[in-house]
Amino acid sequence: MGVNPRFAKLVGGLMLAVCAVLVVLGVWAQAGNAQGQPASDRVSTLEQHLGQASQQEMTTGQLQDTPKGRYFTGDSAKKMEELHRQTQQQIDSIIARPESERQAAVEAIRAFTKNPAAEVVYQQTSKM
């Protein structure tokens, strides 16, 4: 009785994904700044600042009411989009794996796909 190759690939992929999540959570939980502030606190602070900026912009900025809710428009939309991008970039720098670990993950992806020339581009770390 043999193992279905598709099933083995699926299980392998799931194991790889679970390992990646555990590594990300471990790095996120252990990472801190020079003052010893935990990474989770630093991320919460950034998220709070983004929320405060959003509330301020909702008070003074350009908004459009639609049946689906209120949306930023014009300069307000551009400003908030850029602020969100910058905040996400800062959060990613806090929770991202070190470059050496990212490279190991890229190599693991290439090995898993059996394509050593596969182009793998790191975009961001996701906290799950």
Side-chain angles (χ1 to χ4, degrees):
M1 175 186 232
V3 176
N4 182 329
R6 289 175 62 190
F7 177 74
K9 235 182 200 182
L10 176 65
V11 170
L14 289 173
M15 289 178 65
L16 182 62
V18 167
C19 287
V21 168
L22 291 175
V23 168
V24 168
L25 289 176
V27 168
W28 185 48
Q30 293 176 1
N33 63 13
Q35 292 79 30
Q37 185 181 21
S40 59
D41 291 349
R42 293 168 58 202
V43 169
S44 291
T45 299
L46 288 169
E47 290 172 340
Q48 287 173 358
H49 288 155
L50 180 61
Q52 290 167 353
S54 179
Q55 288 296 324
Q56 179 63 32
E57 196 65 24
M58 288 181 79
T59 303
T60 62
Q62 298 170 314
L63 296 165
Q64 178 179 2
D65 289 317
T66 70
K68 294 183 180 182
R70 299 179 83 191
Y71 294 94
F72 293 117
T73 61
D75 289 339
S76 290
K78 291 176 188 173
K79 176 181 175 181
M80 292 310 300
E81 185 176 313
E82 178 61 18
L83 186 57
H84 186 270
R85 186 192 64 74
Q86 289 173 357
T87 302
Q88 184 57 49
Q89 202 171 34
Q90 290 173 325
I91 289 171
D92 191 55
S93 72
I94 293 169
I95 67 173
R97 296 177 181 184
E99 182 60 36
S100 60
E101 288 183 24
R102 285 189 229 164
Q103 191 56 42
V106 167
E107 293 305 320
I109 292 167
R110 288 181 177 143
F112 178 75
T113 62
K114 297 178 183 165
N115 183 358
E119 182 181 347
V120 181
V121 179
Y122 173 80
Q123 292 181 334
Q124 73 181 45
T125 301
S126 175
K127 58 178 191 171
M128 293 187 223

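Considering only residues two or more places apart in sequence or on other chains, S93 meets the side chain to side chain contact (heavy atoms under 4.5 Å, CB included) condition with none of them. Partners of T59 under the side chain to side chain contact (heavy atoms under 4.5 Å, CB included) rule, at least two apart in sequence or in another chain, do not exist in this structure. The salt bridge (Lys or Arg N to Asp or Glu O under 4.0 Å) check on E99 picks up R102, with sequence neighbours excluded. Partners of K79 under the salt bridge (Lys or Arg N to Asp or Glu O under 4.0 Å) rule, at least two apart in sequence or in another chain, are E57.
To the nearest 0.5 Å, atoms OG1 (T73) and CG (D65) are separated by 10.0 Å. For the atom pair NE2 (H49) and OG1 (T87), the distance works out to 10.0 Å, reported to the nearest 0.5 Å. In this structure, D92 CG and L46 CG are separated by 11.5 Å, a value rounded to the nearest 0.5 Å. How far CD of Q88 is from CD of E47: 8.5 Å, rounded to the nearest 0.5 Å. Residue I91 holds its CD1 atom at 11.0 Å from CD of Q89, rounded to the nearest 0.5 Å.
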Handout entry: Verdict with reasoning, K78 to E81, per salt bridge (charged side-chain N to carboxylate O under 4.0 Å, His left out)
Key = CA-CA 5 Å; K78 291 176 188 173; E81 185 176 313; over 6 Å; no

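Side-chain N/O atoms of Q48 and Q52 include no donor and acceptor closer than 3.5 Å.
Within 6.0 Å of CD in Q86 there are more than 12 heavy atoms belonging to other residues, nucleotides or ligands.
The hydrophobic cluster containing L50, built from Ile/Leu/Val/Met/Phe/Trp/Tyr side-chain heavy atoms closer than 4.5 Å, also comprises M58, L63, F72, M80, L83.
Sequence neighbours left out, not one pair with a member in residues 115-124 passes salt bridge (charged side-chain N to carboxylate O under 4.0 Å, His left out).
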